[in-house]
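Residue numbers start at 1 and run along the sequence shown. On a predicted model such as this, the values are computed, not experimentally measured, just so you know.
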Amino acid sequence: MGSLYSEYLNPTKVQEHYNYTKETLDTQETPSRQVASALIIILCCAIVVENLLVLIAVARNSKFHSAMYLFLGNLAASDLLAGVAFIANTLLSGSVTLRLTPVQWFAREGSAFITLSASVFSLLAIAIERHVAIAKVKLYGSDKSCRMLLLIAASWLISLTLGGLPILGWNCLGNLEACSTVLPLYAKHYVLCVVTIFSVILLAIVALYVRIYCVVRSSQADVAGPQTLALLKTVTIVLGVFIVCWLPAFSILLLDYACPVHSCPILYKAHYFFAFATLNSLLNPVIYTWRSRDLRREVLRPLQCWRRAAGVQGRRGGTPGHRLLPLRSSSSLERGTHMPTSPTILEGNTMV
């Protein structure tokens, strides 16, 4: 074990593994690669700004300090860190990769794994909370804040453990035949383990939303028609975006496990699949928070202030300021989860 860790600072080890697993070591910064990197960084900056606005909105308004919004804040935090991690990953890729030591490479890839894992676990926590709220299950009790914080802490602890396993020793240093093609210092069995865990989480989320659908359907006439369709629309968007964003990345990692070295050229384009998966972090705030009227208004408040300031400046210059369109009185998510046959669930002043 000591000899394994002694390789962590070996400056030639990363190049040795890339020489073995990659068909070519063309890391020259071509114009097309520079444009792609710039677009990815712009996307990640949008992820950071969008999720930062959500975090600010949740933190500064006390009516959002409830179960649903705490989980949304945790999701926003993990997605924000995912954007930061992917920016660092992009800046440390290309020609920089072969100059990294193994410990630097593990830190680069591990940070992305940790934050993306935390985002996925946050999605699961939100699905659990929605099921609890709609099924009227008393889960939290009087010490619900403590229980929620423990659940959030557990999701981060699991993510840290999952992302940190390679740097702790589950890697393929000294065993090139066991190496992943997509992630040349990771063991194929570790990659399979991660994909399996994420797939189980996806199935759990699907099962929870199917259960939510069954509960709503069992309420019969009171939630029939537009209300049922609104909930189904929200569930479809949630599951659809999650599957569309993550399925290509899961598929490429499964292919990586199954393919012998140099036998599947598509594996050398895997970074595009991971970039596409990062879109999930961009879309999560839209799906889970902006469908709540009050949270949407709170998130848009800084933009409204900017628009008002711009309008005042425009009037001073002779150009009338633009008025913002009024927000909808309620959201489809709120209508879809409102069940008149039973007591209404209120979180702050917003039904979710």
Side-chain angles (χ1 to χ4, degrees), residues 36-61 63-66 68-91 111-127 129-130 152 155-156 159 205 233-234 237-246 249 274-310 324-325 327-328 331-334 347-348 350 352:
S37 297
L39 290 176
I40 291 173
I41 291 175
I42 292 173
L43 169 66
C44 291
C45 288
I47 291 172
V48 171
V49 171
E50 187 181 57
N51 285 282
L52 182 60
L53 287 173
V54 173
L55 280 175
I56 293 172
V58 171
R60 72 183 178 185
N61 196 321
K63 76 177 178 181
F64 297 140
H65 297 172
S66 57
M68 182 62 179
Y69 291 111
L70 286 178
F71 287 132
L72 288 174
N74 184 59
L75 174 62
S78 60
D79 286 337
L80 186 153
L81 293 175
V84 173
F86 211 76
I87 289 175
N89 194 294
T90 302
L91 294 176
S111 62
F113 266 72
I114 290 169
T115 54
L116 290 175
S117 298
S119 179
V120 173
F121 282 115
S122 296
L123 295 177
L124 177 60
I126 289 174
E129 199 282 335
R130 288 295 80 207
I152 291 172
S155 70
W156 279 99
S159 299
I205 293 174
K233 180 180 179 181
T234 299
I237 294 173
V238 169
L239 295 181
V241 170
F242 187 89
I243 292 172
V244 168
C245 289
W246 279 103
F274 289 112
F276 186 72
T278 307
L279 284 174
N280 194 54
S281 297
L282 182 71
L283 296 174
N284 281 336
V286 177
I287 300 170
Y288 287 97
T289 67
W290 290 359
R291 292 178 67 83
S292 170
R293 179 196 60 209
D294 288 350
L295 183 57
R296 181 172 65 247
R297 180 180 293 134
E298 192 72 22
V299 167
L300 292 176
R301 182 176 295 179
L303 302 180
Q304 290 175 325
C305 294
W306 178 81
R307 288 289 297 272
R308 291 193 189 102
L324 291 175
L325 292 174
L327 295 172
R328 295 166 56 190
S331 67
S332 60
L333 178 59
E334 291 159 357
E347 297 186 355
T350 305
V352 294

With sequence neighbours excluded, residues passing side chain to side chain donor-acceptor pair (under 3.5 Å) with S78: none
d(L70 CG, L75 CG) to nearest 0.5 Å is 12.5 Å
Could you tell me the separation between the CD1 atom of I243 and the CD1 atom of I205, rounded to the nearest 0.5 Å? 9.5 Å
Just to verify, what does F86 make a ring-ring contact (aromatic ring centres under 6.0 Å, His included) with, not counting sequence neighbours? none
Over all atoms of both residues, closest heavy-atom pair of A82 and L116: CB-CD2, 3.9 Å
Side-chain heavy-atom pair N284, F242 within 4.5 angstrom cut-off: no
Working to the nearest 0.5 Å, report the span between CD1 of I40 and OG1 of T90. 5.0 Å
Pairing residues for N280 by the side chain to side chain donor-acceptor pair (under 3.5 Å) criterion, not counting sequence neighbours: none
Nearest heavy-atom contact between G73 and L55 is O-CD2, 3.2 Å
Partner residues of V84 under the side-chain contact (heavy atoms from CB on, under 4.5 Å) criterion, sequence neighbours left out: V48, L80
Are any of the side-chain heavy atoms of L279 and L43 separated by less than 4.5 Å? yes
Interatomic spacing from OG in S122 to CH2 in W156 - rounded to 0.5 Å: 7.0 Å
Pair L91-I41, side chain to side chain contact (heavy atoms under 4.5 Å, CB included): steps then yes or no: CA-CA 9 Å; L91 294 176; I41 291 175; 3.6 Å; yes
Among residues at least two apart in sequence or on other chains, which ones pass side chain to side chain donor-acceptor pair (under 3.5 Å) with T278? none
Heavy-atom closest contact (E50 atom, S281 atom, distance): OE1-O, 4.2 Å
Which residues pass the side chain to side chain donor-acceptor pair (under 3.5 Å) test with W246, not counting sequence neighbours? none
Please check: side-chain N/O of S117 versus main-chain N/O of S159, any donor-acceptor pairing under 3.5 Å? no
Heavy-atom distance under 4.5 Å between the side chains of N89 and S111, does that happen here? no
d(C44 SG, D79 CG) to nearest 0.5 Å is 11.5 Å
Distance check, rounded to the nearest 0.5 Å: F274 atom CZ versus F113 atom CZ? 5.5 Å
Heavy-atom closest pair (N74 atom, S155 atom, distance to 0.1 Å) is ND2-OG, 3.9 Å
